[in-house]
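Following: one structure in structure tokens, then a few remarks.
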Amino acid sequence: MKEFIQKQFEKNHLQSVKLLSILREIQAEFHFISKDAIEILANLLKIERTQIISVVEFYHFLSLEFRGKYEIFLSDSITDHMLDKQSLANYFAKKLGVKLGQLRGDGLVSLDNTACTGMCDQGPAGLINGYAITQLSKPRIDEIVSLIEQQVPVEDWSKEIFKVADNICKTDLLLTEEISQGSALQNTFKQGLTETLAEINLSGLRGRGGAGFNTAMKWQFCSQEKETARYVVCNADEGEPGTFKDRVLLNQYAHQVFEGMTLCAAIIGAKAGFLYLRAEYLHLYSKLEAILANRRDNNLLGKNILKQGVDFDIEIRLGAGAYICGEESALIESLEGKAGIPRNRPPYPVVEGYLNKPTVVNNVETFLAAAKIALIGGQAFANLGTKQSTGTKILSISGDCEHRGIYEYPFGTTINTILNNCGAKDVLGIQIGGPSGTFISNQEFDRVIGFEDLATGGSFIIFNQQRNILDSVRNFTDFFVDESCGFCTPCRVGTSLLKKQLDKIVDGHGSAGDIVALEEICQLVKNYSHCGLGQTAANPILTTLQRYPEVYQKQLKAISYEPGFDLNASLAPARKLANRDDAGAYLAQVED
Amino acid sequence: MSETITIDGKEIPFKAGQTIIEAATAAGVYIPHLCHKPGYKPHGSCKLCTVNVNGRRCSACTFPAATGQAILNKTQELEDNRRKITQMLFVEGNHFCPSCEKTGNCQLQGVAYYLAMKDNHFPHFFANRELDASHPDLLIDHNRCIFCNLCVRASQEKDGKNVFAISGRGINKRLIINSKTGLLKDSDIEVNDCAVQVCPTGAILEKRKGYSTPIGQRIYDTQQIDQVSLTQETVYE
Ligand SMILES: Cc1cc2nc3c(=O)[nH]c(=O)nc-3n(C[C@H](O)[C@H](O)[C@H](O)COP(=O)(O)O)c2cc1C
Ligand code: SF4
Ligand code: FES
């Protein structure tokens, strides 16, 4: 083991900022991070063992306990459940002879849940030793179980098992055709850097990751900083359940995304950039590396790009399973090899980002659009969409419809149009923007996609009339409990309180005051949390409570107070100890 | 000429680089807090110090004071929600004040008195937490840890060591100890370290000292935390 760690350490240039990368390699090789590994690594990197432990415990795909030669994770998105995930998970567990969440006795295989893996258009999905699997079915599970029992190395499994489809269903300005390699950069240098920034400004481009900050303004702020060591970061963490468009963009349009990053670097004066790729997209890693190499060969990256005196290169850094790492300051912490805990603001990343240097963080789609704008000009982009939301938006559509996949629409398109295009019938409502977004009912389908109405990072999950709203609300609330980083009190404790209170109501233990109590926790978590995760964690409850109060009311018992637990069931151990089973040993839940 | 902010209508001067809580404390205005301590790097995690700055909620312990800020501090809404945040901390861990050696000297308790907290309000978590009494002079009762991070900072910033870290994620957060065994006795902590003294609750305790001041005569038995805080914490270097 010592040699292996030494080798990883050298490969990663002896840097503690590479801690996460090194830990990923150790986990992949040994399937856990042992105490010995921690001691060796602490000595090599000259950091405290506690720093390593806290990183391992933070990320879902790193573990202090052995996870087996085959580590299986099943995606727990609501869309997986809508595709019968639960019964397949039970089948999988039975076939393997292991309980969900556990390691099998012989140490060969473990099975667990994980947050949405970004395959909602082709679920039920999962990961095997980090590699994505899609469209799970009983025959597929049989095949996988037999490969595991024969201990066939994952590298030798049929490619079919790891097939990931792009499912591009509707294209517009950005998706119809990828720009030819280098064309946007050439145009940028031809017209000048300041002029290109002016075009991006003219285009009105706003960030596609959710918050919608003006892109040109962000780049301008960064370029005006005194500190000249600056960085460009592409946020490909894509953790919002129901979003998968960045995966498709990186699979088919990566050149253009890298081109967008490069022209940003030229404009803001950055020499180094990162693509922060979520762990779930490991299958894209080598392909993306090859594209970067190709761009270096073509003088589109590296030293003296296109002989214009600009030096810039991009490094891919993988995450390790944490939704919060999509939040830009948590992402930066993660890039520095730490747990992904959002920073205090100010300072903002454009002032103090990676290694406390000015840093631009943008979404994959934002860079894709910026490259297009550099080529076709700002006006052509601004001609599409609405006044406040120019251009197009790429949506990830999943749930109850005929054609799940990627759709590109000009902003301002109505929900009705979108539903018609994807073949959705008998619709109850739509979760727009993922769990952190809004649930809209079928009375609101004349609303439009756009920052002024329904803002979205692209997640679009359709529910038909057969679905129970409370199932999705519960799934989303559980998601936030699992993904809260735990830094601040309102979110760390509040998300768990939300879950307890919601479960109490849904399980039929709620009474008159319980909905008010639920709302009270919602407001606290929303208004007092440190970052966007906590601030939106109550949205699934708040947006459905607002639209369907009767659905919640129906779960309540009529009595004025109902204990949150089953009194009689809780007395069972006492009855057993006292060896009693007479009528007096049973208590009514509430006295009449 | 020094610049000013207003807190609940009162004009307060501040120096460049000061946070809102620093300016407030210097001017004799108490803002409830737990993870903040003067002279330590701001952390901003407990959220007790949340104030309203020109209509936006901010943590007073991290947010820089700036000209033009109209700040609300002692409003009904903020005090109610600070109480609820305190209640969250109470139900998350296992805090049995009547049997705790720190009772009366505990800042969590002091803040709860100040905010007129009468019950725990939320359901208890009954977390399964451990006690490490391995060290001859110290003990750490994880049941009482509120993840304020002060011991972590004290050890790094004041003691020049690195005895503590906060690990885990979400509700599974935990304080870990920097030693091969993970036990306090094998770490390089010493009784007089700032990291021992800084704990606002009874999580880190000196052994055999618990009852040297009788209950009833302790800090918050006789004074409100705002007064204690303002007399102890107004000194800035
Ligand atoms: C909890 C949380 C998760 C986020 N996840 C992502 C993400 O996966 N991808 C993304 O681009 N932005 C994400 N964001 C938004 C980023 O913080 C940031 O605003 C964005 O990357 C900026 O890029 P843009 O201006 O191009 O949108 C997330 C924010 C929060 C609070
Ligand atoms: S809101 Fe949640 S995710 Fe964000 S810092 Fe607080 S605990 Fe962490
Ligand atoms: S005192 Fe400001 S967040 Fe804790």
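In what follows, chains carry the letters A, B, and so on, assigned in the order in which the sequence lines appear, proteins first and then strands, with residues in each chain numbered from 1. Side-chain atoms are counted along with the backbone in the values below, which use heavy atoms only and exclude waters and symmetry mates.
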| remark: Looking only at B:His121, B:Lys47, B:Arg169, the option with the highest number of non-hydrogen pairs under 4.5 Å against chain A is B:Arg169

| remark: Among B:Thr50, B:Ile85, B:Asn81, the residue with the most heavy-atom pairs under 4.5 Å to chain A is B:Asn81

Counting only heavy atoms closer than 4.5 Å, note whether [X] contacts chain B via side chain, backbone, both or neither.
X	value
A:Ile53	both
A:Ile324	neither
A:Ile521	side chain
A:Gln501	neither
A:Tyr59	backbone
A:Glu520	side chain

| Ring centroid separation B:Phe122 to B:Phe90 under 6.0 Å | no

Side-chain contact test, heavy atoms from C-beta onward, threshold under 4.5 Å: evaluate it for [X] versus [Y] and give yes or no.
X	Y	value
A:Lys526	A:Asn539	yes
A:Ile505	A:Leu518	yes
A:Val17	A:Leu355	yes
A:Ser496	B:Ile171	yes

| remark: Ranked by heavy-atom pairs below 4.5 Å to chain B, first place among A:Pro346, A:Ala42, A:Gly486, A:Ala322 goes to A:Gly486

| query | What residue, out of A:Val56, A:Asp482, A:Val481, has the most heavy-atom pairs lying under 4.5 Å from chain B? | reply | A:Asp482

| Any chance the side chains of B:Glu3 and B:Thr67 put a donor and an acceptor closer than 3.5 Å? | yes

| Are any side-chain N or O atoms of A:Asn527 and backbone N or O atoms of A:Gln523, one a donor and one an acceptor, separated by less than 3.5 Å? | yes

| task | Show the numbers, then the answer: is there a side chain to side chain donor-acceptor pair (under 3.5 Å) between B:Asn120 and B:Gln87? | result | CA-CA 5 Å; B:Asn120 284 332; B:Gln87 286 164 324; over 6 Å; no

| field | Pair B:Glu157 + B:Lys41: basic N to acidic O under 4.0 Å | value | no

By a 4.5 Å heavy-atom criterion (distance strictly below it), what part of [X] contacts chain A: side chain, backbone, both, or neither?
X	answer
B:Leu78	both
B:Ile177	backbone
B:Phe125	both

